[in-house]
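Positions are given from 1 along the sequence.
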Amino acid sequence: MKKRFLLLFMAGALAAGVVACGANEPKADVNEDTQVEEEDKTDSSSEKEEEEATEENTDEDVSIEVVENVAHSDEFNERFDLDERVGANYIKNGDSEVTEFGDWKDAYQSLVNDMQEDGINTKYALIYVNEDEIPELAYYSDDNNIIIASYADGYLNLFSSKINTLYCDEKNNACLASEAVEASLNDYVVAIKDGYWVEIAYGTRRPLDEWAEDSFDENGNPIISYWEINEEELKSQKQYDETLAKYYDVTSQGKEVKSFVNAEDIFSEIDSL
């Protein structure tokens with residue numbers, strides 16, 4: 001509007017100057033001024049429409065995507081609050097009581113040294129289970145089962161069983177550990193609370209009669225006919241999978257821990273952090 005007012009003012013001043021001087025300007029010049037004014041008006045309208053269209057497109061196109069870890073279910077949180085500890089504190093070789101360490105690096109290096117002193121040539125992996133910056137240490141025992149060590153407040157807490165497969169939802173405080181013990185297939189969902197391992201879910205699948213000859217197939221694998229999670233009997237493998245997914249959904253959470261290295265490499269990884 002201001003631009004239009006200025007143009008009209010300038011056109012009026014120009015016309016007054018022509019009359020005062022008695023000069024006879026060609027009519028075409030006046031028409032050109034009028035045309036410029038109309039073109040300016042048209043251009044101004046076009047620019048305004050383009051600006052409005054740009055603003056509309058901007059409003060439509062702008063989106064902010066926030067990627068967060070998978071939220072835990074109500075069932076998970078309820079079990080977490082129960083604080084059912086399943087780990088055991090680590091005692092260093094030569095100590096008679098639970099060992100207190102200066103920091104997490106000292107703790108993990110001491111554990112690895114103990115394994116080497118015992119003649120156990122095994123593999124290790126640093127994983128980040130919960131939200132803090134201190135990693136957990138997964139490693140194979142002398143009987144080739146996986147153990148997970150967590151450090152907090154000077155102590156190491158170990159979770160172990162006969163675990164042969166480990167999944168970790170890193171930084172989201174959830175692990176799924178599986179094992180096969182004779183005719184039973186067991187699953188543990190664990191988390192870290194106050195530096196200690198706590199059990200979120202325990203599931204087992206097995207033949208109804210573990211000792212019957214017809215409880216195994218031709219390859220010696222158990223024929224599953226009984227399912228249970230957290231002491232609740234279930235009716236099928238499908239119901240078992242659906243129930244377990246409330247605590248840890250292996251199809252969408254985390255990944256299997258596979259990148260294990262030798263003692264020399266794990267020392268290097270620890271020192272680099």
Check: Pairs in or reaching into residues 78-93: which pass salt bridge (Lys or Arg N to Asp or Glu O under 4.0 Å), with residues at least two apart or in two chains?
Finding: Arg79-Glu84, Arg79-Glu199, Asp83-Arg85
Item checked: Cluster link Trp211 to Phe216, ILVMFWY, side chain under 4.5 Å -> no
Notebook entry, point to check: Using links of under 4.5 Å between side-chain heavy atoms of ILVMFWY residues, direct or through other members, which residues join Ile200 in one cluster?
Noted result: Phe76, Phe80, Tyr167, Leu176, Leu185, Val189, Val198, Ile224, Trp227, Ile229, Leu234, Tyr240, Leu244, Tyr247, Tyr248, Val250
Check: Out of Thr204, Asn164, Asn145, Asn186, which residue meets the side-chain hydrogen bond (donor to acceptor under 3.5 Å, both in side chains) rule with Glu179?
Finding: Asn186
Notebook entry, point to check: Within a strict 4.5 Å, meaning less than it, do heavy atoms of the Lys123 and Ile266 side chains meet?
Noted result: no
Note to self: Once side chain to side chain donor-acceptor pair (under 3.5 Å) is applied, what residue pairs with a partner in residues 260-273 remain, sequence neighbours excluded?
What the structure shows: Gln109-Asp271
Notebook entry, point to check: What is the distance from atom OH of Tyr151 to atom CD of Glu136, rounded to the nearest 0.5 Å?
Noted result: 12.5 Å
Note to self: Quick one: does any side-chain atom of Asp217 pair with a main-chain N or O of Asn219 as donor and acceptor, under 3.5 Å?
What the structure shows: yes
Next item on the list: May I ask you to list the residues sharing a hydrophobic cluster with Ile91, side-chain cutoff 4.5 Å, ordered by chain and number?
Entry: Val98, Tyr155
Next item on the list: Starting from Ile163, walk the hydrophobic network (Ile, Leu, Val, Met, Phe, Trp, Tyr; side-chain heavy atoms closer than 4.5 Å) and list everyone else you reach, by chain and number.
Entry: Val86, Ile127, Val129, Tyr140, Ile146, Ile148, Phe159, Leu166, Tyr188, Val190, Ile192, Trp197, Tyr202, Val257, Phe260
Check: About how many Å separate CG of Leu156 and CH2 of Trp104, when rounded to the nearest 0.5 Å?
Finding: 11.5 Å
Note to self: Tell me whether Asp118 contacts the main-chain N or O of Ile120 through its side chain, where contact means a donor paired with an acceptor under 3.5 Å.
What the structure shows: no
Item checked: Heavy-atom pair with the smallest gap, counting every atom of Lys258 and Glu256 -> CE-OE1, 3.2 Å
Note to self: Between Glu210 and Ser215, is the side-chain hydrogen bond (donor to acceptor under 3.5 Å, both in side chains) condition met? List the steps.
What the structure shows: CA-CA 6 Å; Glu210 298 181 64; Ser215 294; over 6 Å; no
Next item on the list: Go through the steps to decide whether Asp74 and Lys246 satisfy the test salt bridge (Lys or Arg N to Asp or Glu O under 4.0 Å), and finish with yes or no.
Entry: CA-CA 8 Å; Asp74 292 340; Lys246 295 178 182 179; over 6 Å; no
Item checked: ILVMFWY network linking Phe101 to Leu126, side-chain heavy atoms under 4.5 angstrom -> yes
Next item on the list: Give me the one residue out of Ile147, Leu158, Thr122 that meets side-chain contact (heavy atoms from CB on, under 4.5 Å) with Ser141.
Entry: Ile147
Item checked: Under 4.5 Å side-chain linkage, directly or through intermediates, the cluster mates of Leu208 -> Tyr226
Notebook entry, point to check: Heavy-atom distance under 4.5 Å between the side chains of Asp95 and Tyr90, does that happen here?
Noted result: no
Notebook entry, point to check: Any donor and acceptor pair, going by atom type alone, linking the side chain of Asn230 with main-chain N or O of Glu232 inside 3.5 Å?
Noted result: no
Next item on the list: Salt-bridge test for Asp169 and Lys255: reply yes if a basic N is under 4.0 Å from a carboxylate O, no otherwise.
Entry: no
Check: What distance do Arg206 atom CZ and Asp209 atom CG have between them, rounded to the nearest 0.5 Å?
Finding: 9.0 Å
Check: Roughly how far, to the nearest 0.5 Å, is the CD1 atom of Ile134 from the NZ atom of Lys105?
Finding: 11.0 Å
Next item on the list: Give a yes or no answer on whether the side chain of Lys162 reaches the backbone of Ser178 with a donor-acceptor pair at less than 3.5 Å.
Entry: no
Check: Backbone N or O of Asn172 within a donor-acceptor pair of the His72 side chain at under 3.5 Å?
Finding: yes
